[in-house]
Structure formats: structure tokens, C-alpha cells
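Read the structure below first, then the notes.
As a basis for the values below, the full set of heavy atoms in this structure was taken, side chains included, without hydrogen atoms, waters or symmetry mates. Numbered from 1 within each chain, the chains take letters A, B, ... in sequence-line order. These numbers come from a predicted model, not from an experiment.
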Protein chains: 2
Amino acid sequence: MSHPQYKHQHQYLAVDCVIFGYENGQLKLLSAKRKFEPAMDQWSLMGGWVRMDETVEQAAIRVLFQITGLRDIYLEQVQVFSQPQRDPGGRVVSIVFYAMIPTDQHDKSLVHEHEAVWFNLPDKPKLIFDHDQMVEFAHEKLKQKASYELIGADLLPEKFTILQLRLLYEAVFQREFDPGNFRKKVLSLKVLERLNDKNTNESKKGAYYFRFITKTEALIKERIVKI
Amino acid sequence: MSHPQYKHQHQYLAVDCVIFGYENGQLKLLSAKRKFEPAMDQWSLMGGWVRMDETVEQAAIRVLFQITGLRDIYLEQVQVFSQPQRDPGGRVVSIVFYAMIPTDQHDKSLVHEHEAVWFNLPDKPKLIFDHDQMVEFAHEKLKQKASYELIGADLLPEKFTILQLRLLYEAVFQREFDPGNFRKKVLSLKVLERLNDKNTNESKKGAYYFRFITKTEALIKERIVKI
DNA sequence: ACAAAAGTGTTTCGGCTACACCCATGC
DNA sequence: GCATGGGTGTAGCCGAAACACTTTTGT
């Protein structure tokens with residue numbers, strides 16, 4: 001390795017991924033038993049080293065693919081953690097991402113192979129080092145995102161009812177939302193499309209399924225209105 | 001240097017600081033002529049290497065002290081920039097911060113010594129590498145902050161008029177605010193204290209000076225109301 | 001019949017916006 | 001007197017919140 005221009009100390013650079021999922025009315029966190037020292041066999045976030053020829057986002061995508069078998073995962077930078085002593089194994093600067101994955105689509109055998117487990121977020125065990133704080137920060141950032149745009153496209157199945165969407169929001173914010181108001185609010189955003197298909201499992205009356213419309217579809221609809 | 005636990009490639013890790021100031025109704029950006037190759041003598045953000053024994057925040061604080069002579073500067077992480085080819089001198093991952101400094105208090109001789117210049121943000125020159133994008137991201141983040149809490153404590157002098165505060169907001173958002181509504185809004189936040197002192201330079205009638213009350217003072221006031 | 005969710009309608013309240021309007025004073 | 005910013009008041013609009021009410025259907 002040669003960097004003719006720069007002479008300075010090098011650093012270990014890692015990414016850690018806070019992986020959120022959703023199932024049965026619960027916001028979930030994917031956590032794995034660490035397979036190497038230090039802190040082997042303790043619960044931790046999924047992480048990996050950043051290679052010289054990739055961005056930190058690409059490193060996170062690699063890590064996510066390794067454990068879920070999924071590509072095209074929603075990713076967002078959270079924070080850099082860089083306390084010199086944060087990792088007893090040496091100086092490691094970690095860039096934290098959070099991800100949202102559709103729990104029903106991921107590869108469960110890969111998760112099992114990594115000795116990883118989906119925890120309900122409130123019931124997660126203590127994680128190593130500063131990983132608990134990473135989860136806190138990521139959860140904050142997720143709430144912030146969810147408060148100014150509709151999340152769920154990456155966490156819910158392709159089609160879902162307004163009830164399921166509301167339960168997701170209640171899980172994310174750990175509070176209840178008025179069913180009527182929540183419904184009116186999300187439908188006013190014009191990002192959901194009602195399907196000619198009803199869910200009759202969760203209610204007697206049956207509730208229409210909805211799906212997220214893509215951004216281009218939404219744009220087209222907007223244009224038609226505006227002409 | 002020894003890291004017995006980890007065997008992996010190392011990275012160059014840097015911080016770059018988007019330094020905002022404010023003067024004469026203009027949001028300012030501090031930019032310096034780069035003193036080393038590559039891209040010597042071109043405009044760039046102030047940056048520095050992250051040392052092994054410090055956090056990235058501490059590295060940013062060092063950089064800020066070097067150029068302003070100030071400590072206790074408001075700092076916020078913006079984004080990590082990590083395109084492998086972003087810096088022609090080699091693989092450098094950069095963590096971007098933005099800072100707000102009181103333009104009237106900083107050490108102008110240090111700025112001069114670094115061949116740095118305060119530009120009005122809209123008139124800034126093209127910066128090296130991806131630094132223009134860093135400034136954009138930082139400005140976005142600043143706007144976001146300013147939209148959910150009152151900024152100015154770090155940019156304005158100790159005492160200031162509502163007009164001056166409004167002009168700061170107009171500079172940050174590049175739009176006008178209704179004077180009456182702006183006044184009522186900021187005063188309703190209960191974070192400003194009116195002084196028995198008027199500014200008679202900027203208006204015939206004279207306008208009261210205000211100052212930010214500290215967080216603890218604000219807390220106490222809240223408590224008194226709530227009892 | 002009743003419970004339980006679906007879906008709609010209504011009322012109230014608070015905050016934001018767009019103003020109008022008086023005040024003080026330097027020119 | 002008039003222009004300029006300081007400062008206050010008010011009417012209208014809109015969205016959020018609270019909640020009533022009707023619909024549908026499995027049990």
C-alpha cells in the first residue's frame with residue numbers, strides 16, 4: 001500500500017449495523033453472538049471492516065448481505081463512534097448505520113448460521129462495548145424519519161392494512177395513535193394505493209390491503225392533478 | 001503500534017470542518033488555501049488527521065482551535081465521506097462536522113496566518129474534491145437544526161436585537177420572515193431574556209437587546225411556572 | 001346480541017400567516 | 001411630516017386531537 005502524498009498514522013475503520021425488522025406488532029432488532037475476541041460469544045451488532053476500495057455504505061451493504069441475503073436494503077448513516085478505548089481489541093473507529101429489512105423476506109438460514117437472533121427491541125440483551133448506545137441513536141434517527149415521512153415500505157410485507165401500518169408506528173414510537181386520525185393522516189399523504197383485496201384475518205369486517213406507490217408513480221399522479 | 005486482536009487494512013482518517021459565521025446580515029463560510037499537495041493553493045475546508053488517542057470530535061476541536069483560537073465551539077457531525085477516489089492523494093475517509101462561531105470573537109490573525117477567508121456563503125468559490133458537497137450537507141443540517149430550535153447563541157454577539165436574530169434566520173434560510181410573527185414566535189420559546197438596554201443604531205425608536213438564557217436558567221423558569 | 005375492527009364525520013383547539021395598526025424618533 | 005424599524009393586535013386558515021357514530025361480520 002502506498003500513499004506518496006500522506007504520511008500519518010492509520011486507523012482501523014469499521015461499520016456496525018443496527019438492523020431493524022418488524023413482526024407481530026413488535027419492532028425487532030437483529031443481534032449476533034460475536035465470533036471472535038475480544039468479547040467473543042457476547043451479543044453485538046453485525047459489523048465489518050471497511051475495505052480500501054469501497055465506501056462505508058458499501059461496507060454496510062456487504063455486512064447486511066452476509067446476514068440477510070438481501071440487497072437493496074434501506075440504509076442510513078447514524079453517527080461515528082470513536083472513543084479511543086471503546087473497543088478493547090484496539091483503536092477502532094466505527095461508523096454506525098441503521099437498516100430496515102422486511103422480516104418476511106430475509107434468509108433465515110443465514111441468520112441462524114451467524115448465531116443471530118431477532119429480539120423485540122425492548123427485550124434486547126445488553127450488547128458489547130458502546131453498541132447499546134448505537135441502538136439508541138439509531139432508534140432516535142428512525143423515529144425522526146418516521147415522523148416526517150411514512151415508513152413501512154421496507155419493514156412491512158408488500159401489501160398490508162392500515163391497522164398493520166398503525167401497529168408498526170405504535171411499535172416504533174411506543175405510544176398509541178388514534179385509529180381514525182391515523183388513517184386519515186396517512187391516506188392524505190397520497191403515497192398509498194388501495195388494492196381490490198381484503199384482509200379478513202384480523203377483523204370480522206375485513207380491511208382493504210394497501211401498498212406503497214413508487215416515487216415515480218406518485219409523481220405522475222401529482223402531475224395529472226396539477227395540469 | 002500493535003493491535004494483537006485485529007489483522008486488517010488500515011485507513012487514513014480525517015476530519016473536515018464546515019465553519020459557519022455570521023456578520024452584516026450574511027451567513028459566512030470560512031475557507032482556506034490548502035498548503036500541501038495535492039490541490040495545493042486551492043480553496044478547501046479546514047481539516048486535519050484524526051489521532052489514535054482522540055475522538056473525531058476532539059480532532060475537529062483541535063482543527064477549530066488552530067484556526068480560530070476558540071474553544072467551546074458548537075459542533076455537530078454531518079456525514080462521513082468515503083468515496084475511494086475522493087482524494088487524489090490516497091484513500092482518505094473524512095468525517096465532516098459543522099461549527100458555528102461568533103465572528104466577533106475569533107482570532108483574526110490566526111485566520112490570516114492560515115490564508116483563510118470568510119466568504120458570504122452564496123459567493124464562496126469552488127472548493128476542492130467533494131468539499132462543496134460537504135458544505136451543502138452541512139448547510140442542510142444547519143437549517144434543520146434552526147427549524148426546531150433557536151440558533152444564534154453561537155453566531156451572534158452576547159446581546160442582540162430581534163431584528164439581528166431575524167436577519168440571521170433570513171440569511172440561513174435565504175427567505176424572508178414576517179417581522180411581527182417572527183418576534184412573537186421566538187419570544188414564545190422562552191429562551192430569550194430582554195435586557196434593560198437598547199440598540200439605537202439600527203432604528204430610530206431603538207430596540208431592546210436580548211440575550212440567550214442558559215439551559216439551567218430556562219429550566220428553573222419552567223419549574224416556577226409549572227408548580 | 002355482541003364484540004371488534006373498519007371506516008367516516010364532527011367539533012374543538014392551537015399555531016401559523018397575513019395583515020393592519022400605533023409608537024418613537026431621526027432626518 | 002414622513003420614512004423606518006419597534007412592537008402589538010386580530011381575523012382566517014389549516015391541521016391535529018378527541019371522540020361520536022355507523023358498518024360489517026364472526027362468534
Which pairs of donor and acceptor atoms, one on a side chain in residues 127-135 of chain B, lie under 3.5 Å apart (sequence neighbours left out)?
unit_1, atom_1, unit_2, atom_2, d
Asp130(B), OD1, Arg86(B), NE, 3.4
Asp130(B), OD1, Arg86(B), NH2, 3.1
Asp130(B), OD2, Arg86(B), NE, 2.6
His131(B), ND1, Leu45(B), N, 3.0
Asp132(B), OD1, Lys124(B), NZ, 2.6
Asp132(B), OD1, Leu127(B), N, 3.2
Asp132(B), OD2, Lys126(B), NZ, 3.3
Asp132(B), OD2, Leu127(B), N, 3.4

Test of understanding: with ring pair (Phe, Tyr, Trp, His ring centres under 6.0 Å), list the residues that count as partners of [X], not counting sequence neighbours.
X: His106(B); result: Trp118(B)
X: Phe119(A); result: Trp43(A)
X: Phe160(B); result: Phe212(B)

>> Test your reading of the model: is there a side-chain donor-acceptor pair from Asn120(B) to the backbone of Pro122(B), 3.5 Å cut-off?
In response: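 Not a single qualifying donor-acceptor pair exists.
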> Can you list the residues that meet the salt bridge (Lys or Arg N to Asp or Glu O under 4.0 Å) rule with Arg211(B), with sequence neighbours excluded?
Replying inline: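 Only Glu193(B), Glu217(B) meet the salt bridge (Lys or Arg N to Asp or Glu O under 4.0 Å) criterion with Arg211(B).
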> Does Glu23(B) have any salt bridge (Lys or Arg N to Asp or Glu O under 4.0 Å) partners at least two apart in sequence or in another chain, and if so, which?
Replying inline: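 In terms of salt bridge (Lys or Arg N to Asp or Glu O under 4.0 Å), with neighbours along the sequence ignored, Glu23(B) is linked to no residue.
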> Does CG in Asp72(A) sit with more than 12 non-hydrogen atoms of other residues, nucleotides or ligands closer than 6.0 Å?
Replying inline: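 Counting other residues, nucleotides and ligands, CG of Asp72(A) stays at 12 neighbours or fewer.
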>> If you count every heavy atom of other residues, nucleotides or ligands that lies below 6.0 Å from Glu176(A) atom CD, does the total exceed 12?
In response: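 Counting other residues, nucleotides and ligands, CD of Glu176(A) stays at 12 neighbours or fewer.
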> What pairs of residues pass the ring-ring contact (aromatic ring centres under 6.0 Å, His included) test when at least one of them lies in residues 178-207 of chain B, not counting sequence neighbours?
Replying inline: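 Found Tyr169(B)-Phe182(B), Phe177(B)-Phe182(B).
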> In residues 140-149 of chain A, which ones come under 4.0 Å of DNA chain C, going by heavy atoms?
Replying inline: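 Nucleic-acid contacts, sorted: none.
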> For the helix from dA1(C)-dT27(D) to dC27(C)-dG1(D), what angle lies between the axis at the first five pairs and the axis at the last five pairs, to 10 degrees?
Replying inline: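 End-to-end axis angle: 20°.
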> Under 4.0 angstrom, heavy atoms only, what part of the nucleic acid is Lys185(B) near: base, sugar-phosphate, or nothing?
Replying inline: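 Sugar-phosphate contact only - Lys185(B) comes under 4.0 Å of backbone atoms but never of a base.
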> Which nucleotide span of DNA chain D, 5' end to 3' end, has atoms closer than 4.0 Å to non-hydrogen atoms of chain B?
Replying inline: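 Both ends considered, the range comes out as dT4(D) to dT10(D).
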>> Please identify the 5'-most and 3'-most nucleotides of DNA chain C with any atom under 4.0 angstrom from a heavy atom of chain B.
In response: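 Listing 5' to 3', DNA chain C meets chain B from dC16(C) to dG26(C).
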> Checking side chain to side chain contact (heavy atoms under 4.5 Å, CB included) against Phe137(B), which of Leu142(B), Val96(B), Val78(B) comes through?
Replying inline: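 Only match with Phe137(B) under side chain to side chain contact (heavy atoms under 4.5 Å, CB included): Val78(B).
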> Would Lys145(B) and Tyr74(B) count as a side-chain hydrogen bond (donor to acceptor under 3.5 Å, both in side chains) if you check the C-alpha gap in whole Å, the side-chain angles of each, and the deciding distance to 0.1 Å?
Replying inline: CA-CA 12 Å; Lys145(B) 182 185 174 62; Tyr74(B) 180 85; 2.9 Å; yes
> Heavy atoms, side chains only, cut-off 4.5 Å: are Asn199(A) and Leu163(A) in contact?
Replying inline: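 Counting from C-beta outward, Asn199(A) and Leu163(A) never come under 4.5 Å.
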> For residues 161-182 of chain A, which residues have at least one heavy atom under 4.0 Å from DNA chain D?
Replying inline: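 Hits under 4.0 Å, by residue number: Asp178(A), Asn181(A).
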>> With nearest nucleotide decided by heavy atoms, which residue, Ser188(B) or Lys205(A), maps closer to the 5′ end of DNA chain C?
In response: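 Taking each residue's closest nucleotide, the earlier one in sequence belongs to Lys205(A).
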